[in-house]
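Notes follow the structure.
All values below were derived from every heavy atom in this structure, side-chain atoms included, with hydrogens, water molecules and symmetry-related copies excluded. Quantities reported herein were computed from a predicted structural model and do not represent experimental measurements. For ligands, and for the atoms within them, numbers begin at 1 and follow the listed sequence.
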Amino acid sequence: MNRLRLTLAAVLFAPTLLHAQQLDLLIRNGSVLDGSGSPAIHADIGIAGDRIVLIEPHIARAAKRTIDATGLVVTPGFIDPHTHTAADLSDPKRAHNEPYLTQGVTTVVTGNDGDSPIDIAATLAKWKQQGIGTNAALFIGQGTVRREIMQMSDAAPTPAQLEQMKSLVAKAMDGGAIGISTGLYYAPGSYATTEEVIEVSKVAAQHGGIYDTHIRDESSYTIGLLASVRETIRIGKEAHIPVMISHIKALGADVWGQSTQVIALIDDARTAGLNVTASQYPYNASGSSVVASLVPRWAEADGKLVQNLSDPALHDRLVQEMTENLVRRGGADSLLMTSSKDKSILGKTLAQIAKERHESPVDAAIQISANGDSSVASFNMKDADIEAFMRQPWVMTCSDGSNGHPRKYGTFPRKLRDYVFDKPVITLPFAIRSSTSLPAQTLGLKDRGLLKQGYFADVLVFDPRTIRDLATYESPRVLATGVRYLTVNGQLAVDNGALTSTLAGRPLTH
Ligand SMILES: [Zn+2]
């Protein structure tokens, strides 16, 4: 038995045998950034099966396919810790995940903002059976769990209801979720107290998961930005769970400049030993909806949104609070309609719509909200805050990709183009790390996020001269350019700049 093990070990690890093995793919002469943040080295990369088997200055081995990466940059495939791709991945027509592959993304995480499929195991099994273009991992959403037990009630849970929620979280973690997400800004997640969130998060912690959050207030709606960051840190401390703040930002004039205080709070928490990180997309507009950005949460309670919006007795209170919220968002000019079942409002700002209808922006917003809502691009961030957050070693890249916002198609190339190559806010090794090893380590994705012998062969080869985003607010669904080659688990998903039809992605569990 021992002898057999020794023999196996010799076969697996003997360098001579490894060298004798024919490679499936050899990527030669590239400028290699391994994802750790170290500077580029000149090296060849050998791939066999789904793994990286060699990284050396010069590999003299036969390979079934050789790619000459002279003048190109070779990095780990990007890992996006916050997307809204669950529906895409479950639909065989969209499971290829083209908007992400063309950005160099090989792994997406979804189920963020407190909103996920309730049956994690079944969803992962479906993806495995149908095939997906990128790797994908899931959070269990706290809002989803709460809705399952309490629908849209804004009440506190009974002890029995809390136990039911906790057992749903446990089931999801056993089914392969990588942690729990919250959307404490959105209903029904917003109806949960900090203590309730801590209780359900403890269950995720016991299963080795992490906590990912769209914080309660990124602006000055309720408790404010800084109190929301403090709440997140408290949840991490009391639930004994690593916490990750999604799409970190200072939203609206009331909190512009507060990136300084937010960074200080997080640095202090990290110095005290807590695992606090954040993700960020490189755009000054967030993606939201008219209801989420303007309508107060009490109006959504118990599923009575449409009824409340048309109740004359509530009209004055609604108008007053929505007027304040519109000021927070920067006024009616800063909300651009990006997707709606009412095609007549697409591509227009709330100000334009109100003018056409000869009514106030808030009355127009109430009409849109009652008529099935509309997605908006909400221009509400300052460059100084965006850049301050981006420079932090605990901030990773995320797309938060949603339909109607260009970030779904452009995030990762845009960060390189705008913040590394055109305006050097961060260095290239730092940017690559923020999109590879940092998310892999934060999310607990084993053997991914680095170019390293033995790691999965999720490898990106891009042209630093041409990589850029092409999606805009006017045309948000334009694929990015500059990715020349991309392997997912050793299979070419992009070959010489063109998408292949391979579905080499895998569901990833914690
Ligand atoms: Zn969010």
N97 and its side-chain hydrogen bond (donor to acceptor under 3.5 Å, both in side chains) partner, picked from D88, T85, T134, T102: T134
Classify the ring geometry between H214 and Y185 as parallel (under 30°), tilted (30 to 60°) or perpendicular (over 60°). parallel
Other residues, nucleotides, ligands: >12 heavy atoms within 6.0 Å of K348 NZ: yes
Examine Y281 together with H82 and report whether their ring centres are nearer than 6.0 Å. no
Take the Zn ion (ligand 1) as the centre and count protein N, O or S atoms at distances under 2.8 Å. 4
Listing, residues 301-309 side-chain donor-acceptor contacts under 3.5 Å, not counting sequence neighbours, or none:
{"residue": "N308", "atom": "ND2", "partner": "A299", "partner atom": "O", "Å": "3.0"}
{"residue": "N308", "atom": "ND2", "partner": "K304", "partner atom": "O", "Å": "3.3"}

How about Y100 and Y409: are their ring centroids closer than 6.0 Å? no
